[in-house]
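Heavy-atom basis, side chains included; hydrogens, waters and symmetry copies ignored. Just so we're on the same page: letters track the sequence lines, and every chain starts at 1.
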Amino acid sequence: MIISVASGKGGTGKTTISTNMALALGSEVEFLDCDVEEPNAHLFLKPVIERTEQVTTPIPLVDLEKCTYCRKCSAICRFNAITVVGRKVLIFPELCHSCGGCMAVCPEGAITETGRELGEINFGARNGIRFINGRMRIGEAMSPPLIKRVRSLADPAKVTIIDAPPGTSCPVIAAMNGADFVLMVTEPTPFGLHDLKLAVETVKLLGIPSGLVVNRSDIGDREVFAYAEREQLPVLLTIPFERRIAEVYSQGRSIVEEFPEWKERFCELFHKIETIIHERSTTA
Amino acid sequence: MREIVIISGKGGTGKTSLTAAFAALAKNSVLCDADVDAADLHLLMQPEIRQQTDFMGGGVAVINPDLCAGCGTCMEMCRFGAINDRFVVDVIRCEGCGVCVDFCPEKAIDFPTKRCGEWYISDTRFGPMVHARLGIAEENSGKLVSLIRKEVRRLAEERGADLVITDGPPGIGCPVIASIGGATALVIVVEPTVSGIHDMERVVELAAHFRVPGMVCVNKWDLNPEMTEAIEQLAIKHHVAVLGRVSFDPAFTRSMVEGKTLFEYGEPTATQQQVRDIWAKIISSPSMNPLGIMDFKSTIQ
């Protein structure tokens, strides 16, 4: 079972919700941090990292001995990542989407592939929770290939909690696609609501059931709740603003460990999600 | 012309609220919202749209079933798993590389470009603004950011404005890289949390990688004074100027609910003064005045 925690707007509490739910459930879960641009979950789960893998994506390598400068590679590339200028083949690795088109089209077999470093994947554990995160290399522009790599490591036998990146475009899609449930975290402010609407549209497009956590539920206004009702989006948990929670968070400590009453609430949140997924699979 | 871009690494640290507050303080500036994925600046600026233009992204493969012979070449060639065994393209998985189009022996695959969003030139009470809306689940956000930044520079030129204030996206990936290239300076808004300092370090490294000078201000600093101290020390270590601290102040949320900037809400407060001081520091900073000249226009006739 895969639960992806997303939000649209950044800073609403995705990492807080996902890590606390994982800690509340304990060893039956695995955690994938797919916010590879700014991974933060390890700061709260504090896993022991056992190993690290470098991740690369294929980019073309041209053998100039074989190249006849026919320009077919440059013609097929939609991303302008390879061009032929006189007796030179220029490759722009950062523009390459690794589609393999140039290699397939080259009549001389002059193109092979080498790798561009995307970043790394860390494997670890904490209290029996299996932990994996992706960490994009600084200067790398494309996060989806690394996110997809992290996603592919999910263990189907486990409950997988995914911390997704903010936004509504390709990185978020990579983190949500194929999930059984998307848990959306928002705050009841005009910015929170505006971006939540975008996130809800994205989830609808993917056809995944979803529910809402309203964080800092007593700031701002009530519009988020009205919207949730109109959209029949179940509000599964509300967390009022408390300075002590904000302070605990700022220090990298977890809510369920500091305030035991919250452990039960996060377990309950998970059971509500489980019920929705179950109902959906029986009606489908 | 100078451009400052407000970024943060971590989302939700107060980029947009501070950008709007800076807009209220700036003179003769043009605004740009480069967070095209989840643009929020317009909620405070209430722009009146003057010009609206479609943003065309890359192509997406469409298989014509009447021409398709079912040979499976496309499926074999596609590295993104976007073509299923009934030869239908999953638009969400399609990367837009067009390899299937070129290799289809029946020429059965079309590659129409699609409208990925739109961008606008608007007027606001603080001057002109260029902003955009990327379609849901679309790609090419970096391309759209580059486009609107080019437009905002052109507009600033046209209106004789000497400053562009750009609200940037979170993260360190493609839209952020597109937002900061060629900017005069970056204002990095950090919150005093373990996540905030972690993400700031990555964004500071990104700024150094692309050689754009950065400056740091800590928002909601009093939620964790020790962490604020650590952030400022880290900034100094990385040769990034420290601009100051903004207190945790519910007035930010309250003014947001009313669609106002911090300076248009309630009586003057200590927080307003903090933001005013930070703005003064930004404008007079060496990064914004590389020749030590405060205002080029008044100096060079």
Side-chain angles (χ1 to χ4, degrees), chain A residues 7-13 15 35-40 43-44 58 75-79 97-101 104-105 136 138-144 165-173 177 187 189-191 194-195 198-199 201-202 204-206 219-221 243 246-247 249-252, chain B residues 8-13 16-17 37-38 40 43 58-59 77-80 92-93 95-99 102-103 134 136-142 169-178 191-196 198-199 202-203 205-206 209-210 220 223-224 227 248 250 253-254 256-257 259:
Chain A
S7 72
K9 174 165 159 45
T12 56
T15 304
D35 187 359
V36 302
E37 293 180 42
E38 297 290 18
N40 290 148
L43 300 169
F44 300 88
I76 198 172
C77 182
R78 263 83 180 180
F79 308 108
H97 286 230
S98 309
C99 69
V105 81
M136 193 163 88
I138 307 269
E140 169 62 44
M142 292 173 208
S143 59
T168 60
S169 62
C170 34
V172 190
I173 301 293
N177 207 1
E187 56 177 37
T189 63
F191 290 1
H194 177 266
D195 298 350
L198 299 174
E201 291 307 312
T202 312
K204 272 190 196 163
L205 201 73
L206 298 175
I219 67 165
D221 55 24
R243 207 176 166 107
E247 283 170 2
Y249 166 81
S250 80
Q251 295 154 356
Chain B
S8 67
K10 178 167 168 21
T13 61
T16 304
S17 295
D37 232 49
D40 285 332
L43 297 171
M77 302 288 298
C78 179
R79 285 192 174 177
F80 306 98
I92 287 178
R93 284 175 186 259
E95 186 83 8
C97 68
V99 168
D102 291 41
F103 279 91
L134 188 70
I136 300 291
E138 290 296 355
E139 308 202 355
N140 293 302
S141 60
I172 59 163
C174 100
V176 181
I177 291 173
E191 59 170 41
T193 64
V194 287
S195 304
H198 172 272
D199 296 354
R202 282 168 68 77
V203 106
E205 282 174 36
L206 186 77
H209 184 97
F210 289 100
K220 311 177 221 180
L223 283 180
N224 191 332
M227 191 65 79
F248 174 76
T253 304
R254 290 198 202 114
M256 186 205 294
V257 169

I'd like to know which of [options] tops the heavy-atom pair count under 4.5 Å against chain A.
| options | value |
| --- | --- |
| T16(B), D102(B), L134(B), T13(B) | D102(B) |
| S8(B), A178(B), G96(B), C78(B) | G96(B) |
| P175(B), G59(B), A38(B) | A38(B) |
| E95(B), R93(B), H209(B) | E95(B) |

Identify which part of [X] has an atom lying under 4.5 Å from any heavy atom of chain A, answering side chain, backbone, both or neither.
| X | value |
| --- | --- |
| E138(B) | backbone |
| M256(B) | both |
| D199(B) | both |
| P170(B) | both |
| L206(B) | both |

Original post:
Can a salt bridge be assigned to the pair K10(B) and D35(A) using a cut-off of 4.0 Å between side-chain N and carboxylate O?
Top reply: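 No, this pair does not count.
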So which atom in [X] and which in [Y] form the shortest heavy-atom distance, rounded to 0.1 Å?
| X | Y | answer |
| --- | --- | --- |
| T202(A) | A137(B) | CG2-CB, 4.4 Å |
| S141(B) | S169(A) | OG-OG, 4.4 Å |
| E140(A) | I177(B) | O-CD1, 3.7 Å |
| V99(B) | R78(A) | N-NH1, 4.3 Å |
| S17(B) | F191(A) | OG-CE2, 4.1 Å |
| F248(B) | R243(A) | CD2-NH1, 3.9 Å |

I need the [X] [atom1] to [Y] [atom2] distance, nearest 0.5 Å.
| X | Y | atom1 | atom2 | result |
| --- | --- | --- | --- | --- |
| K204(A) | I136(B) | NZ | CD1 | 10.0 Å |
| D37(B) | C170(A) | CG | SG | 8.0 Å |
| I92(B) | N177(A) | CD1 | CG | 6.0 Å |
| Q251(A) | N224(B) | CD | CG | 5.5 Å |

Pairs of heavy atoms under 4.5 Å with chain B: top-ranked of [options]:
| options | value |
| --- | --- |
| V172(A), T15(A), L205(A), T168(A) | T168(A) |
| G13(A), A104(A), P166(A) | A104(A) |
| G11(A), P190(A), G252(A), G101(A) | P190(A) |

Region of [X] in contact with chain B, defined by heavy-atom distances below 4.5 Å:
| X | value |
| --- | --- |
| S143(A) | neither |
| I173(A) | side chain |
| V36(A) | backbone |
| P39(A) | both |

**OP:** Could you give me the CA-CA distance, side-chain angles and deciding distance for V257(B) and T189(A), then say whether side-chain contact (heavy atoms from CB on, under 4.5 Å) is met?
**Re:** CA-CA 7 Å; V257(B) 169; T189(A) 63; 5.6 Å; no
Subject >> Main-chain N/O of I138(A) paired to R202(B) side chain as donor or acceptor, under 3.5 Å >> reply: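 No; zero donor-acceptor contacts below 3.5 Å.
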Original post:
Between R79(B) and H97(A), is there a donor-acceptor pair closer than 3.5 Å when you use the side chain of the first and the backbone of the second?
Top reply: no
Do [X] and [Y] make a side-chain contact, defined as non-hydrogen atoms from C-beta onward lying under 4.5 Å apart?
| X | Y | value |
| --- | --- | --- |
| M77(B) | C99(A) | no |
| S195(B) | L43(A) | yes |
| L223(B) | Y249(A) | no |

**OP:** Please list, chain by chain and in numerical order, all residues satisfying ring-ring contact (aromatic ring centres under 6.0 Å, His included) with F103(B), sequence neighbours excluded.
**Re:** none
